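For reference, the structure I am asking about is given below.
Everything numeric here is computed off the predicted structure, so don't read it as measured data. Order of the sequence lines sets the chain letters (A, B, ...), proteins ahead of strands, with each chain counted from 1.
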Amino acid sequence: MKLSELATLTGARIETDAPDIEILGAAGLDDATNGQVTFLANPRYTPRVSATLASAIYVAEDAQIEKNIPVLRARDPYLAYTRALRLFHPEPEQEPFIHPTAVIDTTAQISQGVSIGACVVIGRNVEIAEGVVIYANVTVYDAVKIGRGSVIHSGVAIRERSIIGERVVVHNNVVIGCDGFGYAKDEARHWLKIPQAGRVVIEDDVEIGAGTTIDRASVGESRVAGHLTIGDDVVLTAKSATSHDVQPGKIISGIPAFDNRDWLRATAAFRRLGEMQRTVRELERRLKELDSAAEKES
Amino acid sequence: MKLSELATLTGARIETDAPDIEILGAAGLDDATNGQVTFLANPRYTPRVSATLASAIYVAEDAQIEKNIPVLRARDPYLAYTRALRLFHPEPEQEPFIHPTAVIDTTAQISQGVSIGACVVIGRNVEIAEGVVIYANVTVYDAVKIGRGSVIHSGVAIRERSIIGERVVVHNNVVIGCDGFGYAKDEARHWLKIPQAGRVVIEDDVEIGAGTTIDRASVGESRVAGHLTIGDDVVLTAKSATSHDVQPGKIISGIPAFDNRDWLRATAAFRRLGEMQRTVRELERRLKELDSAAEKES
Amino acid sequence: MKLSELATLTGARIETDAPDIEILGAAGLDDATNGQVTFLANPRYTPRVSATLASAIYVAEDAQIEKNIPVLRARDPYLAYTRALRLFHPEPEQEPFIHPTAVIDTTAQISQGVSIGACVVIGRNVEIAEGVVIYANVTVYDAVKIGRGSVIHSGVAIRERSIIGERVVVHNNVVIGCDGFGYAKDEARHWLKIPQAGRVVIEDDVEIGAGTTIDRASVGESRVAGHLTIGDDVVLTAKSATSHDVQPGKIISGIPAFDNRDWLRATAAFRRLGEMQRTVRELERRLKELDSAAEKES
């Protein structure tokens, strides 16, 4: 792809007298080689620009670049570079195809242009919209709806009545819509399970990381099981779990999941939790000493 | 269902002169509409009773209700209400059925009234008792036993020699009886795996949340791998893990799992762990200042 | 097996005048019965030796044993005992066998002596080396390579281009090579996914616990997605997750995973995190009191 064409497709402004050079790929400052485009977003990495082997570089509007290298100016060079990566690594197209070993209930409605892998099992009254891709060994329970362009990876379970929006990506071994937590103790002190009449609703453009579980809403005293909703553009990172609504645009992590940035901080602190526990005990001890010294004085 | 009939079936005492009104469902105070029964368990919600649209209400024996609404008295109104929910939302019955794509070893013993979904794979010498339901894409290893009335959801793996009791519910993508952790370091500093000769035993009425793993017992110095036992009426919430025995009646959570109430407290604190770490450092710093101030004085 | 033979096979030196007694199994000090060998590694358990019913015992070179019992001396009695366990509990041999319900792309290369279970799905250009065992309901995406003697348990997903070394054991429902985390925010404040061109490389003799996920490398500013590598002899315990390289020989745990010993300490502290939070608040309060008392004095 010509540099000038790349600039147009990624929303960047070109600053070079060689707009026709060929760009074949994209890579980070240290990894890029001849023929590749790179980027500088964090000023901290500016010193590395001089050593890059890249043939062009995305930089911010106001960045000063001393190296003699074709420059692509963008308001957000990281975003422009991401667009370049997406051009050079397009998602593989799945041929529409229903594998003969897939087991699809006769009441299911499967639209045109759908790809369904081997050993996929699809229940009663399921609706699969156009362009959906379902990889092997997925189980779709009764009355599920999957919106157009969504991708369901292998080993996923989608429980009864769940609704999946459009362009949702569900990674491997995710469980959507399983029973949330809710029990009452009966007279014999056995747990009596509270039925969960609700469903999970995943809105559009959501991505759900591998091994994540999304329960139906758990039952509280002031409400009964209703719809648990994951808003548009939400990302749940791998191996997280939620049994609550998630607001649009959030990235959440953990079991139970909360804001990804807080989670990153919490998990960093967690690694040293044994140490922190010792420190707290030591602080307690020293404060007790201070207290008793103060008592003696008075 | 007539209100009087509902009262009898849920163990409540009726207080109304209209025992024949029809009740069609159950919902929380705020959500309930005409024709539904609701409940009041926590006195905190008493003010909401006046606004409910429900046609009847479960309350405690000593609760004062000023609203003019048919009342169902129960020792535990939450339990009575749970029973009502179960009446209005019965578990779907599975027809006994063995899907032709299920792969069942000829040595397996499958009782009457069993339902086995598509692409289920069942190993040698497995015993499946009456009324068991196994959803699609489950793998049952050799010599497993599953007790009557248990339900195994899709994507579950039950490893060799595991024993599952009666009325156990195993949610999607659970792993039961995988190898626990146990290694010795050999002379070349490679890990030498300790064989795990034990098995997992799940007793009756246990519920295992989606994505949970139950290892075989790990090996300690004073014992070798024996039977890991999950007692009657235990609940493991979603995405938990255990490699230890669990006492009957416990609800446990986490990786590794412990008492659910402690876990709820710990996960609430975990969200603010980054903050707590900063606080502890600040406390350390201030205590050091106090110490050196005290030193100067003396 | 004769005691003398067991000694030779486990690298121990025999100290008895009855080298021909038959040993039929191995068990811990308290569990061992007549005909079994046991071991003493931790001196703390020395008092239990007098009561063991075992017919022989592994002990350290310098251990003093007063009981009249045939002794097997070893530099590391725990290691020698592990070897005995492995002799008495050999891994079950899988017959080479490809189940007729397995769905194997015609471009895949399957070596001799491979065992592939029911409903396994294998993609394009996959290479499976000699002696590999793949249990039921596994999904292997395109262009994956699996090295000789590796074992893949049921429900595993191995994503495109992953490379698995030799003698690797992958337990149930593991996900290898799924997309790591990487997004840029576009002008409309939608998440734009950064394509992940890399792959996961698992080296030799690695063991991956059930329900674990290994992402492809996430993308940082100074590098693009390259190869995420799990080194030789690594153990990931059950339900852990990593999106970073792991050095050879490490045992790691957690989400995200770190050193297993630190993780054991951190999870022990985690159980009391609610309590620790209260302690820290109390320390803060008392320190504030001390500060204001000091202020009044001055």
Side-chain angles (χ1 to χ4, degrees), chain A residues 11 26-31 41-42 45 48 76 78-79 81-83 85-86 88-92 99 101 117-119 135-137 153-155 169 171-173 205 207 209-211 233 235 237-239 249 251 254-255 260 267 270-277 280 283-284 287 290-291 294, chain C residues 101 103 119 121 137-139 141 155-157 159-160 173 175 178-187 189-197 211-213 215 219-224 226 239 241 243 254-256 258 262-263 265-270 272-273 276 279-280 283 286-287 290 293:
Chain A
L29 278 170
D30 299 352
D31 295 342
N42 187 334
Y45 295 117
R48 300 199 189 180
D76 180 347
Y78 188 56
L79 174 60
Y81 172 75
T82 297
R83 289 198 164 117
L85 274 174
R86 291 168 65 97
F88 292 115
H89 300 281
E91 285 285 308
H99 197 277
T101 62
C119 301
Y135 283 85
N137 284 314
H153 279 281
S154 78
V169 180
H171 287 280
N172 309 79
N173 290 9
D205 300 297
E207 180 154 9
D233 276 307
V235 177
T237 64
K239 295 201 74 64
I251 300 184
I255 309 171
N260 172 261
T267 53
F270 180 69
R271 286 170 179 243
R272 294 193 175 80
L273 193 58
E275 209 179 292
M276 199 198 295
Q277 195 183 35
V280 170
L283 288 174
E284 248 186 318
L287 209 52
L290 279 179
D291 280 354
Chain C
T101 62
V103 176
C119 301
V121 180
N137 284 314
V138 166
T139 306
Y141 281 61
V156 168
R159 291 285 293 267
E160 55 274 26
N173 289 10
V175 179
C178 49
D179 286 4
F181 181 78
Y183 299 88
K185 216 164 206 167
D186 73 10
E187 295 83 355
R189 317 222 19 99
H190 288 147
W191 295 113
L192 196 65
K193 183 165 173 161
I194 299 169
Q196 308 212 341
T212 290
T213 60
D215 289 356
V219 176
E221 171 138 9
S222 67
R223 69 171 205 193
V224 285
K239 296 202 74 63
S243 51
I255 308 171
F258 54 98
D262 292 340
W263 180 80
R265 258 178 235 123
T267 53
F270 180 70
R272 296 194 172 78
L273 194 56
M276 199 198 295
T279 304
V280 169
L283 287 173
R286 282 161 62 188
L287 209 51
L290 279 179

query: Based on non-hydrogen pairs under 4.5 Å, which of C:Thr213, C:Thr101, C:Thr212 is most in contact with chain A?
result: C:Thr213
Interface moiety of A:Val169 toward chain C, non-hydrogen atoms closer than 4.5 Å: neither
query: Which answer fits C:Glu187, side chain, backbone, both or neither, if we ask what part of it has an atom under 4.5 Å from a heavy atom of chain A?
result: both
- prompt: Do you know the tightest heavy-atom contact between A:Val280 and C:Thr279?
  reply: CG1-CG2, 3.7 Å
query: In Å and rounded to the nearest 0.5 Å, what is the CZ to CD distance from C:Arg265 to A:Gln277?
result: 11.0 Å
field: Nearest heavy-atom neighbours spanning C:Met276 and A:Leu273
entry: CE-CD1, 4.1 Å
statement: Max heavy-atom pairs within cutoff under 4.5 Å with chain C, candidates A:Arg272, A:Glu284, A:Arg271, goes to A:Arg271
- prompt: Which bit of A:Ser154 comes within less than 4.5 Å of chain C, counting heavy atoms only: side chain, backbone, both or neither?
  reply: both
field: Approximate separation, where rounding is to 0.5 Å, of A:Asn172 CG and C:Thr139 OG1
entry: 7.5 Å
message: On a heavy-atom basis, which atom in C:Asp215 and which in A:Ala238 lie closest, and how many Å separate them?
response: OD1-CB, 4.1 Å
- request: Identify the heavy atoms of C:Tyr183 and A:Tyr78 that sit nearest to each other, and give their distance.
  value: O-CE2, 3.9 Å
task: For chain A, find which of C:Cys119, C:Ala241, C:Gly254, C:Ala268 contributes the most heavy-atom pairs closer than 4.5 angstrom.
output: C:Cys119
field: Main-chain N/O of A:Asn173 paired to C:Asn173 side chain as donor or acceptor, under 3.5 Å
entry: no
- request: Could you tell me the separation between the CD atom of A:Glu275 and the CG atom of C:Asp262, rounded to the nearest 0.5 Å?
  value: 9.0 Å
query: Where on C:Tyr141 is there a heavy atom nearer than 4.5 Å to chain A: the side chain, the backbone, both, or neither?
result: side chain
query: Between A:Arg86 and C:Lys193, is there a donor-acceptor pair closer than 3.5 Å when you use the side chain of the first and the backbone of the second?
result: yes
message: Taking side chain as everything from C-beta outward and backbone as N, CA, C, O, which of these in A:His153 sits under 4.5 Å from a heavy atom of chain C? Side chain, backbone, both or neither.
response: both
Spacing of CZ belonging to A:Arg83 relative to CG belonging to C:Leu192, to within rounding of 0.5 Å: 6.0 Å
message: Please check: side-chain N/O of A:Lys239 versus main-chain N/O of C:Gly211, any donor-acceptor pairing under 3.5 Å?
response: yes
- prompt: Between C:Cys178, C:Ala269, C:Ala157, which has the largest tally of heavy atom pairs under 4.5 Å with chain A?
  reply: C:Ala269
- prompt: Checking heavy atoms, do the side chain of C:Arg189, its backbone, both or neither come under 4.5 Å from chain A?
  reply: neither
- line: If one checks every heavy atom of A:Phe88 against chain C at 4.5 Å, the contacting part turns out to be neither
task: Measure distances from A:Asp205 to the heavy atoms of chain C and classify the residue's part below 4.5 Å as side chain, backbone, both or neither.
output: neither
- prompt: Is there a side-chain contact (heavy atoms from CB on, under 4.5 Å) between C:Phe258 and A:Thr267 once you walk through the steps?
  reply: CA-CA 10 Å; C:Phe258 54 98; A:Thr267 53; over 6 Å; no
Part of A:Asp233 within contact of chain C (heavy atom distance under 4.5 Å): both
- line: For C:Val103 and A:His99, the nearest pair of non-hydrogen atoms, with its separation, is CG1-NE2, 3.3 Å
- prompt: Rounded to the nearest 0.5 Å, what separation is found between the CH2 atom of C:Trp191 and the CD atom of A:Glu207?
  reply: 12.0 Å
